[in-house]
Novice: 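Pasting a structure here, questions to come.
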Amino acid sequence: MIKLTLPDNSVREYESGVLALDVVKSISEGLARNVVGAVYDGKTIGLMEKINEDGAIKFLKFDDKEGKHIFWHTSSHIMAHAIKRLWPDAKLAIGPAIDNGFYYDIDLEYRLVQDDFEKIEAEMKKIVKEGLELERFELPRAEAIKFMDEKQEPYKVELINDLPEDAIISFYKQGDFVDLCAGPHLESTKKPKAVKLLSIAGAYWRGNENNKMLQRVYGITFEKAKELEDYLKMMEEAKKRDHRKLGKELDLFFMSEEGPGFPFFLPKGVEVKNELMKFWREMHRKAGYVEIESPLMLNKHLWEVSGHWYNYRENMYTTVIDEQDFAIKPMNCPGGILVYKNAMHSYKDFPMRVAEAGRVHRHELSGALHGLMRVRAFTQDDAHLFILPEQIKDEIKGVIKLIDEIYKQFGFSYKLELSTRPEKFLGEIKDWDLAEASLKAALDELELKYVINEGDGAFYGPKIDFHLTDCIGRTWQCGTIQLDYQLPQRFEMEYIGADGQKHRPIMIHRTAFGSIERFFGILIEQFAGAFPTWLAPVQVKVLPISDKFIDYAKKVKAELEALNIKVEIDERAEKIGYKIREAQLQKVPFMFVVGEKEAESDTVSVRERQKGDIGSMSIEEISNVILNKIKTRENDSPQLM
RNA sequence: GCUACUGUGGCGCAGCUGGUAGCGCAAUUGAUUCGUAAUCAGUAGGUCAGGAGUUCGAAUCUCCUCAGUAGCUCCA
């Protein structure tokens, strides 16, 4: 509940939720004259401030995040206004603010191209210069529909029709431009002086691929030109971390036209992946997991039982062997289940935690592919837990903790999402309800924040997803925990309970990395390719000053290799500066410069990638430092310091 | 899959309104043996994603296919 003190000292109360401050404006001239902003659950956002315990509010300045949203939301109106001026037949759909800027979906016969951006930007700047005041007004439903109909805005009419009965239908007007909008907005169009349109893309009306595809124009604005400049520079910098670029530069992996969506890993990429999996195996062993392997390909019968043949067929690679249909596995679970069914189990065996790093193939839509983040063949660090009903909550909590611990190793922060029953689902609703409640309970008991995605679960059960962020802020689902009552039934899985009777186990599917490929991609971007020493494909590069010292360099290399340190020599007849530059660009954690001085004293001159020259040390001394970093898996990537 | 854009030697790029391809890095050869982010010189390497068409003539124009990029849909 929000209390608003008006100039006449009367108090008005609002339900919690977003309160458009323009409402305040209309009722409280003087208190909130130039105010733009909103209050949410009594907390200040936008230009507002709580001034006393009652939750009264007064004019303030921008709060960072929400303030930006208001700024950009108004900017999206300015852009729509500009486009309407240039192409009066454009039909407006929706135009919200996003984390970095805003967009507007527009239905326009004419196809916008990059070259139109300048024109639109120029028109936007004109509107900014005009400093049009934004006015809010409300209309009853019938009038609102009539109004938008007259303006020939069919999408707006549809939006109004879908608003709940009691919704307040508000509009914002700036000059001759009016838009259906809940607000809030800036008081005038004069602030977003630095304007930049970023890209144009297609987007389905209301996100449904059966609907018409509209043109979505993305843009960003700032008050000052310098801010825009900084933003664009920052984006440029961020793009240097792109794993696709670094993957090439650092010889980690590549993609070939011959296998769209099927990544090739180069020796250095495999080194990193192997180290990653070593870490993974250690963590899982400690957490009480065993590991199995199941076949890549299984016959149609199995996929019919699992439900994949009917629910997932368009995504599976299939083939015929000896006149029998087979499918390459898109998921590891059925294989894991066959392993379970290979023997009779007792309740005493539970919880069983069975891991499998299994390569799966899914025929993803070509437009969905993206570097290592979205591929058609990937290795899931899967595991299936077979448990008793009373073990659900604790096992889920255990999995969450394990995933959290794994992510912490890399310094990741993550977002959690809980996805519930989809339209296409197997099994009984009551089982679904129970499963969803268990996942919620586990999250709540661990006091974790999460958002709920209604209807986003897998067809066999609800799930908790862990989302990680890439270099430009896109998030990718990595870890997932899915509770499943369906497959145990479909596969008639059993165990013998304390009562000597057969019972059905409950199954949890889970991944930590999600896909090793995707996780690797995120990792590359997180560290900008400068892997911590323990993960680095080359940990030490030995750089002889000249050919004369190659023998000594080889001796150094042999000593380090005996200690399992990954080392290379740069034997080329280049100057030391050149070799250092190259090793630095390859982001090798340690460089050993060896010349006459070192060969004589049996030492090396050590150069660390982030600190530069750290002086001359004996081989034993420096290898102890390195071994210790490897052993403790110290996060010494310069990106995290 | 959809919308828009892109596709030139291993990599990064240039090639204006059509007249049969250039640069830098890398590679390679030779010289240099040089102390902390690029030594000098030479050589080789591409029928311009693939196909069809327009044209006297196409990397440059048109169409189709493939691949990539951004976003949408979908998803780990």
Side-chain angles (χ1 to χ4, degrees), chain A residues 98 103 105 111-116 198-218 239 242 244-245 248-249 251 254-261 312 314-315 330-332 360 362-382 419 456 458 463 465-468 472 474 476-480 482 509-519 521-522 543-550 572-585 591-598 605-607 609 612-615:
Chain A
I98 50 178
Y103 65 78
D105 283 352
R111 291 285 152 200
L112 294 167
V113 292
Q114 294 267 338
D115 292 348
D116 294 322
L198 298 170
S199 67
I200 177 148
Y204 301 108
W205 165 237
R206 309 210 123 178
N208 185 329
E209 64 180 323
N210 298 316
N211 287 343
K212 185 168 185 183
M213 183 164 265
L214 310 173
Q215 301 188 65
R216 177 170 295 180
V217 187
Y218 287 85
K239 279 186 187 147
D242 191 312
R244 292 167 298 187
K245 184 169 148 49
K248 255 183 221 167
E249 287 173 6
D251 299 317
F254 70 95
M255 298 300 233
S256 163
E257 272 198 28
E258 314 289 337
Y312 204 75
E314 64 276 20
N315 281 315
M331 291 175 194
N332 298 306
V360 297
R362 300 180 183 177
H363 186 259
E364 302 291 351
L365 294 177
S366 59
L369 302 179
H370 181 100
L372 289 182
M373 305 297 200
R374 192 78 184 274
V375 292
R376 284 176 172 159
F378 58 99
T379 310
Q380 279 186 311
D381 65 319
D382 223 331
S419 300
D456 236 11
K463 57 179 187 167
D465 292 326
F466 292 69
H467 291 252
L468 297 176
I472 59 169
R474 287 177 292 214
W476 298 91
Q477 182 185 322
C478 289
T480 180
Q482 306 176 358
H509 311 248
R510 45 110 286 173
T511 64
F513 294 154
S515 130
I516 295 169
E517 287 75 4
R518 173 177 291 182
F519 196 79
I522 298 263
L543 311 175
I545 298 278
S546 80
D547 292 3
K548 292 182 212 156
F549 310 106
I550 287 180
R572 293 172 305 175
E574 295 290 350
K575 288 186 170 175
I576 192 65
Y578 181 86
K579 293 182 182 180
I580 286 172
R581 177 183 154 79
E582 196 138 300
Q584 189 76 41
L585 291 174
M591 287 161 251
F592 291 178
V593 176
V594 295
E596 193 176 359
K597 199 172 74 190
E598 290 78 11
S605 286
V606 182
R607 206 189 139 97
R609 85 188 138 186
D613 198 351
I614 57 169

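Convention: sequence-line order gives letters A, B, ...; per-chain numbering from 1.
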Novice: Can A/W476 be classed as stacking with the base of B/A76, given a centroid separation cut-off of 5.5 Å and a plane angle cut-off of 30°?
Specialist: no
Novice: Across all strands, who's sitting opposite B/C34 as a Watson-Crick or G-U wobble pair, both distances under 3.5 Å?
Specialist: none
Novice: Tell me what A/V360 touches on the nucleic acid: a base, only sugar-phosphate, or nothing, going by heavy atoms under 4.0 Å.
Specialist: nothing
Novice: Please give the nucleotide sitting opposite B/U6 as a Watson-Crick or G-U wobble pair, both distances under 3.5 Å, or none.
Specialist: B/A67
Novice: Could you state the CD-C1' distance from A/E258 to B/A49, rounded to the nearest angstrom?
Specialist: 11 Å
Novice: What salt bridge (Lys or Arg N to Asp or Glu O under 4.0 Å) pairs are there with at least one residue in residues 201-214 of chain A, not counting sequence neighbours?
Specialist: A/D107-A/K212, A/E158-A/R206, A/D162-A/R206
Novice: With rounding to the nearest 0.5 Å, note down the distance linking NE2 in A/H467 to OG1 in A/T480.
Specialist: 8.0 Å
Novice: Quantified in whole Å, what is the C1' atom distance between nucleotide B/G10 and nucleotide B/G45?
Specialist: 10 Å
Novice: Watson-Crick or G-U wobble partner for B/C48, using a 3.5 Å limit on both distances?
Specialist: none
Novice: B/G9 and B/G15: how far apart are their C1' atoms, nearest whole angstrom?
Specialist: 15 Å
Novice: Distance from A/I200 atom CD1 to A/Q215 atom CD, nearest 0.5 Å?
Specialist: 4.5 Å
Novice: Tell me if the CD atom of A/E258 is crowded by more than 12 foreign heavy atoms within 6.0 Å.
Specialist: no
Novice: Scan for salt bridge (Lys or Arg N to Asp or Glu O under 4.0 Å) pairs involving residues 574-583 of chain A, sequence neighbours excluded, and state none if there are none.
Specialist: A/R572-A/E582
Novice: Could you give the distance separating B/A14 and B/U28 at their P atoms, to the nearest angstrom?
Specialist: 27 Å
Novice: Heavy atoms from C-beta onward define the side chain here; which of B/A76, B/G12, B/U33 lies closest to that of A/D547?
Specialist: B/U33
Novice: To the nearest 0.5 angstrom, please state how far the CZ atom of A/R362 sits from the CZ atom of A/F378.
Specialist: 4.0 Å
Novice: Only pairs with both distances under 3.5 Å count, Watson-Crick or wobble alike; so what is the partner of B/C11 in this structure?
Specialist: B/G24
Novice: So which heavy atom on A/P330 is nearest to which on A/Y312, and how close?
Specialist: CB-CE2, 3.6 Å
Novice: Between the protein and nucleotides 44-47 of chain B, are there any N/O to N/O pairs under 3.5 Å, and if so, what are the atom names and distances?
Specialist:
none

Novice: Nearest whole angstrom, please: distance from the P of B/U3 to the CD of A/E209.
Specialist: 12 Å
Novice: On a whole-Å scale, what distance lies between the C1' atoms belonging to B/G19 and B/U47?
Specialist: 16 Å
Novice: Please confirm whether the backbone N or O of A/W205 pairs with a side-chain atom of A/N211, one donor and one acceptor, at under 3.5 Å?
Specialist: yes
Novice: Is there a side-chain contact between A/K463 and the phosphate of B/A76, meaning an N or O under 4.0 Å from OP1 or OP2?
Specialist: yes
Novice: Any donor-acceptor pair, under 3.5 Å, between the side chain of A/R111 and the base of B/C5, if you only look at N and O atoms?
Specialist: no
Novice: Using the 3.5 Å cut-off, write out each protein N or O paired with an N or O of nucleotides 66-72 of chain B and the distance between them.
Specialist:
from: B/U69; atom 1: OP1; to: A/R244; atom 2: NH1; distance (Å): 2.9
from: B/U69; atom 1: O3'; to: A/R244; atom 2: NH1; distance (Å): 3.4
from: B/A70; atom 1: OP1; to: A/R244; atom 2: NH1; distance (Å): 3.4
from: B/A70; atom 1: OP1; to: A/R244; atom 2: NH2; distance (Å): 2.9
from: B/A70; atom 1: OP1; to: A/R474; atom 2: NH1; distance (Å): 3.3
from: B/A70; atom 1: OP2; to: A/R244; atom 2: NH1; distance (Å): 3.3
from: B/A70; atom 1: OP2; to: A/H370; atom 2: ND1; distance (Å): 3.1
from: B/G71; atom 1: OP1; to: A/R474; atom 2: NH1; distance (Å): 3.4
from: B/G71; atom 1: OP2; to: A/R474; atom 2: NH1; distance (Å): 2.9
from: B/G71; atom 1: O3'; to: A/Y218; atom 2: OH; distance (Å): 3.2
from: B/G71; atom 1: O2'; to: A/Y218; atom 2: OH; distance (Å): 3.1
from: B/G71; atom 1: N2; to: A/G202; atom 2: O; distance (Å): 3.3
from: B/G71; atom 1: N3; to: A/G202; atom 2: O; distance (Å): 3.4
from: B/C72; atom 1: O4'; to: A/G202; atom 2: O; distance (Å): 3.2
from: B/C72; atom 1: O2'; to: A/Y204; atom 2: N; distance (Å): 3.1

Novice: Would you kindly compare A/L372 and A/R206 by the position of their nearest RNA chain B nucleotide and give the one closer to the 5′ end?
Specialist: A/R206
Novice: Looking only at heavy atoms, which two atoms of A/F513 and A/C478 are closest? And how far apart?
Specialist: O-CB, 3.3 Å
Novice: Roughly how far apart, to the nearest Å, are B/C63 and B/U20 at atom C1'?
Specialist: 23 Å
Novice: Which atoms form the tightest heavy-atom contact between A/F519 and A/L468, and what is the distance?
Specialist: CE1-CD1, 3.8 Å
Novice: Report, as a single string ordered 5' to 3', how protein heavy atoms within less than 4.0 Å touch nucleotides 35-40 of chain B: B base, S sugar-phosphate only, - not at all.
Specialist: BBBBB-
Novice: For A/N332 and A/Q380, which heavy atoms make the closest approach, and how far apart are they?
Specialist: ND2-OE1, 3.5 Å
Novice: Just one of A/R474, A/R518, A/E364 clears the side-chain contact (heavy atoms from CB on, under 4.5 Å) bar with A/H370, so which one?
Specialist: A/R474
Novice: Name the pairing partner of B/C16, where a pair is Watson-Crick or G-U wobble with both distances under 3.5 Å, or state none.
Specialist: none
Novice: In terms of heavy-atom contacts, does CD of A/E249 have more than 12 from other residues, nucleotides or ligands at under 6.0 Å?
Specialist: yes
Novice: Regarding A/R572, tell me which of base, sugar-phosphate or nothing describes its non-hydrogen contacts under 4.0 Å with the strands shown.
Specialist: sugar-phosphate
Novice: Quote, to the nearest angstrom, the C1' distance that separates B/A58 from B/A49.
Specialist: 16 Å
Novice: Whole-Å distance between B/C2 P and A/L365 CG?
Specialist: 10 Å
Novice: Which base, if any, makes a Watson-Crick or G-U wobble pair with B/G53, both distances under 3.5 Å?
Specialist: B/C61
Novice: Are A/K212 and B/C2 close enough that a side-chain N or O sits under 4.0 Å from OP1 or OP2?
Specialist: no
Novice: Over how many whole Å does the gap from A/H363 atom NE2 to B/G1 atom C1' extend?
Specialist: 10 Å
Novice: If B/C74 has a Watson-Crick or G-U wobble mate with both distances under 3.5 Å, name it; if not, just say none.
Specialist: none
Novice: Can you tell me how far P of B/C74 sits from OH of A/Y312, to the nearest Å?
Specialist: 13 Å
Novice: Can you check the distance between B/U62 and B/G1, where both ends of the measurement are the C1' atom (answer in whole Å)?
Specialist: 25 Å
Novice: Can you see if the side chain of A/K548 gets near the phosphate of B/C34 - specifically, an N or O under 4.0 Å from OP1 or OP2?
Specialist: yes
Novice: If I pick the P atom on B/U60 and the same atom on B/A21, what distance separates them, to the nearest angstrom?
Specialist: 13 Å
Novice: Test of understanding: with ring-ring contact (aromatic ring centres under 6.0 Å, His included), list the residues that count as partners of A/F254, not counting sequence neighbours.
Specialist: A/F264
